[in-house]
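Just so you know, these numbers come straight off a predicted model, no measurement behind them.
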Amino acid sequence: MFIPTDYADRVYAGVLGKIIGVYLGRPFEGWTYERIMRELGEITYYVQDKLNFPMIVGDDDLLGTFTFLRALPDHGNCRDLTPEQIGRTWLNYIVEKRSIIWWSGRGNSTEHTAYLNLKNGIPAPQSGSMAQNGRVVAEQIGAQIYIDGWAMVAPGDPELAADLARRAASVSHDGEAIYGAQVVAAIEAQAFIEPDINKLIDTATALIPKESLIYRLITDIRDWHSQEEDWRKTREKIAAKYGYDKYGGNCHMIPNHALVIHALLHGDDDFQKSLMIVNTCGWDTDCNSGNVGCILGIKNGLVGLTSGPDWRGPVADRIFLPTADGGRSITDALTEAYHIVNIGRSLAGLDVVEPKNGARFHFNLPGAVQGFLPEDSIDVKGTTRLENVPGHSQSGQHSLAIHYSGIATGRASRTATATFIPSEENVTWFEDLGYRFLCSPSLYSGQKIEARVTGDRSNNRAVNCNLYIRKYGDRDQKVIMRGPQFELEPGTDQVLIWQVPDTDGAPVVEVGLEITSAQRSDGTLYLDYLTWDGVPHVTFHRQNPSSLMWKRAWVNTCDNELTDFNLEDYRLAQNHGRGLLIQGTRDWEDYLVSATLTPHACSGAGICVRVQGQNRYYALLLSDNNTIRLVKVLDVETILAEESFNWQFGSSYNLALQIQENHLTASVDGQVIFDEEDTNQPLTNGALALICEKGRVGYDNVTVQPAS
């Protein structure tokens, strides 16, 4: 597989096109063309303000796109990845009735139907087949809306993209839905090397059966387009022959696929016009707009996003991806683009790329701000403007310019990016959409933050700068904590290093850079990168009862919500099977977790390390038949060691589990029980979790710290 020299740029543009399209179409999803024209007119830009709708929301189009693709790295980026393995990825990351898909019941939601099949032991591709679910359910739109990532890992290889699309789509869909997904994937893969829309469509349609309805639909639309310049007239023909009234279900593939092809043909290769057409036509607007945006992003690159209005500014790269992997819930377009790039490079047999030595925030492609925004509180509002600029980097091509003006005593410049749920309003919007904002902080006490800044030579004087974080305090008020100050002279640079202080277990919500001066100062600082590493050193416990965010920092996969009875720090209740309460990130490697647990009428309880979702972790378990076990779960459970242990309801036990490289040491009440090595596909990183099996368990003094 050939990797283009501008691969990262084009993937980033594709990711941006996808999220812009989704955010553009989301507020009026499901509206008809007639209603859109009546209430909004042609959709030439974001309408969030008109409809009182937030810009950055959780949306199944984005959640599925960037989550299901993780099947590839989770299974070694193997080119022969199977539908069954992708189905297992669904079960690992989807938290039932709380994340990713539309939870509206078997036979009503295609994805919910497929999920229930997978959960009940029906593997993919049978889980999504017409034989299992019926034709109407199998041919809804979901196969198409989740497919973009599978194309972007196969640049210039439409055959591979179409084959990956078939495998991924078959987890939940069948028939014409598969063909529609293959067409979109093939167009996107070929768009890395072919600029002509008609040639892209030729390439894609050659990969699906000529007798398929999708093939016939595309042929009709191309004929209509060749005879009619007015996109509205073609839309009328689509509605008459392929409209919603012709197909069953809630959101069928055929009408919406027609609008994607329609917008590509009538859009004159223009990002704004193409998105205007596909959104104004109505139906599943965020899905269709996301596909069109991604195609044109890949095809025309970053410059194609700048030919019209400012699409990128309001978005600021931000994406929310709540899954069982809560440490990646707060993410951004550049980060997700490089995940895709490195999957694609791995499939091509190439090494991964890590700009600026793997820094989290490196701003290394044009326009990237990675969620950084100027603070808009009354005491600093108006002092700061951000801009991605070339240069001012030791090892990269771009930096984040922080332009400050009018700072003086009492007037600072503060710029930050989110590391956790930004506000309670975000939670409310997720719940209104039928989800939970499943999220863990990405930054913790004990970790070391590092950033490099440079002062512009033209700055009028030296300024002071420091790193800072904000944590959620009492009543979920954001409390600032500052690192040491450094004086920065014009034309000089400084590496700022700060170990995050003890937050008393409260979640860190943002990290940023503060600029201050005793005299009026105007100028520019360049943020080359900002990153952190190391293992946290923190004890989690209940916070003020008036606060909620400390609870939301845990990803709860148990049947019941995390309860609060003032009896223990955490009370877990599970109706059947095993539930996890997860916190942390994939960045954690070697560390020790300890907790005091009290089992109550349960079949098992314990602690986990290197958690990578619901079905990938190591665990120390008080288990049935009075045993204690050290287990590894990698889709299926393997017992690494087992001993008799007479544990009892109502008694408390301090469990500790340390992981160092592939060596696990487990103890109870200070006595080592197991000392084992895992040499067969060991898990190399991940979060911590608490376990409850069929019953109730209380946990206190949950601590994570570096391995000793």
Side-chain angles (χ1 to χ4, degrees), residues 17-62 102 104 108 140-142 144-145 217 220-221 224-225 227-268 270-296 308-311 313-315 428-429 432-434:
K18 174 77 173 183
I19 66 174
I20 289 167
V22 169
Y23 294 155
L24 179 60
R26 183 65 183 85
F28 47 90
E29 179 184 14
W31 288 25
T32 64
Y33 166 78
E34 290 76 16
R35 182 183 177 189
I36 290 170
M37 290 302 295
R38 183 172 63 250
E39 298 185 28
L40 297 172
E42 291 184 355
I43 306 299
T44 57
Y45 197 59
Y46 302 115
V47 298
Q48 274 76 357
D49 289 346
K50 296 179 182 178
L51 298 177
N52 191 30
F53 204 89
M55 177 62 68
I56 314 300
V57 297
D59 190 282
D60 57 342
D61 302 64
L62 301 179
W102 180 42
S104 65
N108 192 42
Q140 300 297 301
I141 196 177
Q144 179 171 284
I145 67 177
L217 171 153
D220 282 344
I221 296 172
W224 296 335
H225 169 256
Q227 300 166 18
E228 179 57 68
E229 293 184 1
D230 188 345
W231 65 267
R232 299 165 189 81
K233 299 285 183 61
T234 304
R235 186 210 67 83
E236 291 174 2
K237 293 178 180 178
I238 291 171
K241 187 170 182 178
Y242 296 110
Y244 265 27
D245 58 316
K246 308 295 189 301
Y247 302 95
N250 298 285
C251 195
H252 201 278
M253 168 69 80
I254 294 299
N256 290 289
H257 188 85
L259 294 186
V260 170
I261 301 300
H262 170 50
L264 292 174
L265 291 172
H266 277 282
D268 297 333
D270 179 82
F271 189 78
Q272 184 182 30
K273 182 177 180 181
S274 300
L275 290 188
M276 180 276 292
I277 292 172
V278 80
N279 280 287
T280 307
C281 285
W283 295 336
D284 201 347
T285 47
D286 57 338
C287 301
N288 303 334
S289 181
N291 287 137
V292 172
C294 186
I295 291 168
L296 292 179
D310 178 17
W311 294 108
V315 172
T428 300
W429 274 103
D432 288 346
L433 294 169

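- Taking all atoms of both residues into account, the shortest heavy-atom contact from Gly30 to Thr285 is N-OG1, 4.3 Å.
- Cys281 is listed as a side-chain neighbour of Ile277, based on a closest heavy-atom distance under 4.5 Å.
- Few gaps surround CD on Glu34; more than 12 heavy atoms of other groups in view lie less than 6.0 Å from it.
- Listed here is the closest heavy atom pair of Cys251 and Tyr244: SG-OH, 3.5 Å.
- Each of His225, Lys237, Lys241 was checked for a side chain to side chain donor-acceptor pair (under 3.5 Å) with Asp220, and the lone residue meeting it is Lys241.
- Heavy atoms from other residues, nucleotides or ligands lying under 6.0 Å from NZ of Lys246 number more than 12.
- Shown here for His266 and Lys273, the closest heavy-atom pair between the two residues is O-CE, 3.3 Å.
- The CD1 atom of Ile43 sits 5.5 Å away from the CD1 atom of Ile36 when rounded to the nearest 0.5 Å.
- Ion pairing between Glu228 and Arg235 fails under the 4.0 Å rule for side-chain N and carboxylate O.
- Side-chain atoms of Asp268 do not come within 3.5 Å of backbone N or O of Asp270 as any donor-acceptor pair.
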(request) Could you give me the CA-CA distance, side-chain angles and deciding distance for Glu29 and Arg26, then say whether salt bridge (charged side-chain N to carboxylate O under 4.0 Å, His left out) is met? (result) CA-CA 5 Å; Glu29 179 184 14; Arg26 183 65 183 85; 3.2 Å; yes

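- Side-chain contact check for Leu259 versus Asp284: every heavy-atom pair is 4.5 Å or farther apart.
- Formation of a donor-acceptor pair under 3.5 Å by the Gln272 side chain with backbone atoms of Thr44 is found in this model.
- In the displayed structure, Asp49 atom CG is contacted under 6.0 Å by at most 12 heavy atoms of other residues, nucleotides or ligands.
- Closest approach of Gly293 and Leu275 over heavy atoms only: N-CD2, 3.9 Å.
- Residues meeting the ring pair (Phe, Tyr, Trp, His ring centres under 6.0 Å) test with Trp311, sequence neighbours left out: Tyr45, Tyr46, Phe271.
- Going from atom NZ of Lys233 over to atom CH2 of Trp224 covers 14.5 Å, rounded to the nearest 0.5 Å.
- Gln144 places a side-chain heavy atom less than 4.5 Å from the side chain of Val260.
- Residue Asp310 comes nearest to Pro314 through the heavy atom pair O-CD, 3.5 Å, listed as atom of the first residue, atom of the second, then distance.
- Rounding to the nearest 0.5 angstrom, the gap separating the CG atom in Leu264 from the CG atom in Asn291 is 9.0 Å.
- For the residue pair Asn288 / Asn256, a side-chain donor-acceptor distance below 3.5 Å is found, with atom types taken as modelled.
- Here CG of Leu265 is found 8.5 Å from OG1 of Thr234. Values are rounded to the nearest 0.5 Å.
- Taking the six-membered ring for Trp and thresholds of 30 and 60 degrees, Tyr33 and Trp231 have ring planes more than 60 degrees apart, a perpendicular arrangement.
- Looking at Trp283 and Trp31, their side chains never come closer than 4.5 Å, going by heavy atoms from C-beta outward.
- In this structure, Glu39 and Phe28 have side chains that are not in contact, with every pair of non-hydrogen atoms separated by 4.5 Å or more.
- Counting only distance, with no hydrogens or angles, the side chain of Asn250 and the backbone of Asn108 share a donor-acceptor pair below 3.5 Å.
- The distance from atom CG of Asp286 to atom CD1 of Ile19, rounded to the nearest 0.5 Å, is 13.5 Å.
- Side-chain contact check for Gln140 versus Met253: every heavy-atom pair is 4.5 Å or farther apart.
- For the residue pair Val22 and Asp59, the shortest heavy atom distance occurs at CG1-CG, 3.6 Å.
- When side chains are defined from C-beta on, Ile238 counts as touching His262, because their heavy atoms get closer than 4.5 Å.
- Distance check: Met37 CE to Thr32 OG1 gives 11.0 Å after rounding to the nearest 0.5 Å.
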